[in-house]
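Worth knowing before you read on, the calculation uses all heavy atoms, side chains too, and leaves out hydrogens, waters and symmetry mates. Here is how names work: the chains are called A, B, and so on, in the same order as the sequence lines, proteins then strands, and each is numbered from 1.
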2 protein chains.
Amino acid sequence: MNQLFVIDKSSPLPIYYQIEESIKRQIEEGELHPHDVLPSEREYAELLEISRMTVRQAINNLVNAGYLYRQKGRGTYVAEKKLEQQLLGLTSFTEEMKARGMMPSSKLLSLELIPANEKIANQLHVTTNTLIYEIIRIRLADNMPMALETAYMSADLLKGLTAEILNHSIYQYVEKHIGLKIGYAKQSFESTIASEVEMASLSIAKHSPILLIQRTTYLEDGRPLEFVKSSYRADRYTFTCTINRH
Amino acid sequence: MNQLFVIDKSSPLPIYYQIEESIKRQIEEGELHPHDVLPSEREYAELLEISRMTVRQAINNLVNAGYLYRQKGRGTYVAEKKLEQQLLGLTSFTEEMKARGMMPSSKLLSLELIPANEKIANQLHVTTNTLIYEIIRIRLADNMPMALETAYMSADLLKGLTAEILNHSIYQYVEKHIGLKIGYAKQSFESTIASEVEMASLSIAKHSPILLIQRTTYLEDGRPLEFVKSSYRADRYTFTCTINRH
DNA sequence: GAGTGGTCTAGACCACCCC
DNA sequence: GGGTGGTCTAGACCACTCC
C-alpha cells in the first residue's frame with residue numbers, strides 16, 4: 001500500500017503544487033519506483049479531501065515534466081528517471097558551468113552600442129541601424145578559456161547594461177531585476193575549424209576543431225532578447241540538451 | 001472587435017481542441033497579431049456557451065506550446081511567431097530531411113544482433129551482454145552522403161527488425177505499428193576531425209570537421225529505445241533545435 | 001470597483017481496460 | 001461490471017491590474 005502524504009490547505013502554496021512536490025519527493029526518495037502505479041485520481045481526491053480536478057492539475061504538470069505517464073483506462077505510472085540533464089533547460093553559460101561544478105568567469109574584450117546590421121536586426125526583430133549592444137567576451141571555466149563569444153542584445157530591453165552586470169548571470173538579471181520572463185531559445189550547432197582570431201583567443205593550435213553554437217533567446221511573449229555566437233574549444237566542451245517529441 | 005469562431009458541440013473532437021485549432025488558425029491567418037489581447041476567458045465561455053474551465057484547458061495548451069502568453073490581472077496575449085523550427089520537435093533523420101525538402105535515403109552497411117558492451121548496456125538500461133541490434137548506415141539526403149551513423153536498439157522493444165523497416169522512419173514505425181509512445185531524447189554535440197573510416201564513408205578530405213551527435217531516445221515511460229552515434233559532414237549539416245527555459 | 005487570470009469545488013458522462 | 005483516465009459543467013473566492 002502506498003504511503004500517502006499530507007497537504008496543508010491553509011498554506012499559501014497552491015494545493016496542486018504541494019501535491020506535485022510530494023509526488024516528486026516520493027519518486028526521488030525511492031518510495032515510488034519506475035513503472036509503479038499511482039493511486040487513482042479519485043483516490044487522491046478522496047484521501048486528501050480535495051477535488052479531482054485539483055489532483056489532475058498536479059498530475060498533468062508532472063506528466064508534462066516527464067515524471068509520470070498515463071495509460072487510458074489503466075492508470076498513472078512513474079516514469080523511469082531522467083538523468084542529470086533534468087537540470088538543464090535553457091541555461092546561460094554562467095548557470096551551466098555552475099551546474100557542472102566549475103567556476104565560470106569572463107574576460108570582457110568589448111562592450112559597445114552599435115547600429116544593427118541586417119542579419120542582426122533580423123534576428124532581434126528591430127530595424128536596420130537600431131542601436132544594440134555588442135558584447136565580446138572570452139568565457140572561462142575554472143580559469144581555462146572555453147569559448148569566444150559575441151552577443152548582441154536589444155538595448156530597448158536592457159537599458160543601462162554595464163560590465164558589472166555582465167559578470168553575473170544575464171538571464172537571472174533579466175528575470176529578477178527587469179522582471180521579464182525568458183521563454184525559449186532557437187539554437188544551431190556547427191562544427192568548424194578554428195580561425196586566426198579563435199586560435200589566439202582560446203590559445204589553441206591550427207586546425208583545431210571548434211563547436212560553433214548560435215543562439216537566439218526569446219522572452220515568453222516571443223520578443224527576441226539576444227543573439228549569441230559562441231565558438232567553443234571542442235576538446236573541452238560538449239553540449240548536452242533534452243528534446244521533447246512534439 | 002474580435003471576429004469569433006464557432007465550435008461544434010456534437011463533434012467527436014473535444015471542445016478544447018476545437019478552440020485550440022481555431023485560435024491557432026486566427027494567428028496563422030493574421031486575424032490575430034502578436035501582442036493582441038485575446039477575449040477574456042469569461043468572454044469565450046459566455047460567447048461559446050461552454051464552461052470557463054474548458055476555455056482554460058485550450059488556452060493552457062497554447063501557452064505551453066508558445067502561441068500565447070498570460071499576464072496576471074491583465075489578460076492573455078498572442079506571442080510573436082516562432083519560426084520554422086516550430087516544426088522541429090524531436091525528429092528522426094528521415095523526418096528531418098523531409099521537413100527540409102530533401103529526399104532522405106540510407107545505405108545499410110550492417111545490421112546485426114550483438115551483445116551489449118558496458119557503455120551501450122548502460123545507455124539502454126539493460127545488463128551487459130544482452131543481445132541488441134547494431135545498425136550501421138550511411139545517411140544520404142538527395143543522394144549526397146550526410147552522415148555515418150551507428151545505432152543500437154533494444155531487441156526487446158523491436159522484435160524482428162528488418163532492413164525493410166529501416167528504410168522508413170523508425171520513429172513512425174515504433175509509434176504506429178508497435179504502439180509505443182516516444183517521449184524525449186537526450187542529445188550531445190561535439191566537434192571533431194574526420195577519422196579514416198569517416199573520410200572513406202563520407203568521401204571527405206583529411207582534417208575535415210565532423211559534427212558528432214550522440215542521442216539516446218526514450219519512450220514516454222522513460223525506457224530507452226535507442227542510442228545513436230552520428231558523424232555529420234560539417235560542410236553540409238547544421239543542427240537546429242528549440243529549447244525551453246525550465 | 002470592475003475586470004483579469006489563478007485556484008478550487010462537487011459533481012457528471014464518456015471511452016477504454018480488465019475481469 | 002467496476003475501475004481508470006478524458007472531458008466538461010456552473011459555480012466560487014483570491015490576488016492582481018487598471019482606472
Set out, line by line, the N/O atom pairs under 3.5 Å between protein and nucleotides 11-13 of chain C.
residue	atom	partner	partner atom	Å
C/dA12	N6	A/R52	NH1	3.4

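Remark: B/E29 does not engage B/K24 in a salt bridge, criterion side-chain N to carboxylate O under 4.0 Å. No salt bridge links A/R52 with A/E43; every basic N to acidic carboxylate O contact stays at or beyond 4.0 Å. Ion pair B/E80/A/R223 not flagged as a salt bridge, since none of the NZ, NE, NH1 or NH2 atoms sits closer than 4.0 Å to an Asp/Glu carboxylate oxygen. B/K9 and B/E49 are not joined by a salt bridge, as no carboxylate oxygen comes within less than 4.0 angstrom of a charged side-chain nitrogen.
A heavy-atom distance below 4.0 Å to DNA chain C is reached by these residues of residues 68-75 of chain B, ordered by number: B/R70, B/Q71, B/K72, B/G73, B/R74, B/G75.
In the helix from C/dG1-D/dC18 to C/dC18-D/dG1, the rotation axis of the first five pairs and that of the last five pairs differ in direction by 0°, rounded to 10 degrees.
Panel note: side chain B/Y133, backbone B/S154; no donor-acceptor pair is recorded below 3.5 Å.
Here the shortest heavy-atom pairing between B/L38 and B/I23 reads CD2-CD1, 4.0 Å.
In this structure, A/F239 has its ring center closer than 6.0 angstrom to the ring center of A/F189.
In this structure, A/T76 reaches the D/dG5 phosphate: one of its side-chain N or O atoms is under 4.0 Å from OP1 or OP2. Taking 4.0 angstrom as the limit, A/T54 places none of its side-chain polar atoms (N or O) nearer than this to OP1 or OP2 of C/dT7.
Summarising the geometry, the separation between OH on A/Y16 and C1' on C/dT9 is reported as 16 Å, rounded to the nearest angstrom. Computed from coordinates, the B/L38 CG to C/dT4 C1' distance equals 13 Å when rounded to whole Å. When rounded to the nearest whole Å, the span between CZ of B/R56 and P of C/dC8 equals 11 Å. Across the protein-nucleic acid pair, A/Y44 atom OH and D/dG3 atom P stand 19 Å apart, rounded to whole Å. The CG-P distance, from A/N60 to C/dT7, rounds to 13 Å in whole Å. Between the CG atom of B/N61 and the C1' atom of D/dT7 there is a distance of 12 Å, rounded to whole Å. Regarding A/E46, its CD atom lies at a distance of 12 Å from the P atom of C/dA10, rounded to whole Å. The interatomic distance linking B/Q57 (CD) with C/dT7 (P) rounds to 15 Å, in whole Å.
Each of B/E41 and A/L13 lies near DNA chain C, and the nucleotide nearest B/E41 is the one positioned closer to the 5' end.
Residue B/I15 is classed as a sugar-phosphate contact, given heavy-atom separations below 4.0 Å to backbone atoms only. Backbone-only engagement by B/I50 is indicated by non-hydrogen atom pairs under 4.0 Å involving sugar-phosphate atoms exclusively.
For B/A79, the side-chain contact (heavy atoms from CB on, under 4.5 Å) test picks out B/Y69, with sequence neighbours left out. Under the rule for a side-chain contact (heavy atoms from CB on, under 4.5 Å), the partners of A/S230 that lie at least two apart in sequence or sit in another chain are A/E149, A/V228, A/Y232. The ring-ring contact (aromatic ring centres under 6.0 Å, His included) search around A/Y173 returns A/H177, not counting sequence neighbours.
Just one residue in the list B/E226, B/K186, B/Q123 forms a side chain to side chain donor-acceptor pair (under 3.5 Å) with B/T216, and that residue is B/Q123.
The closest side-chain donor-acceptor pair between A/R139 and A/S106 falls under 3.5 angstrom.
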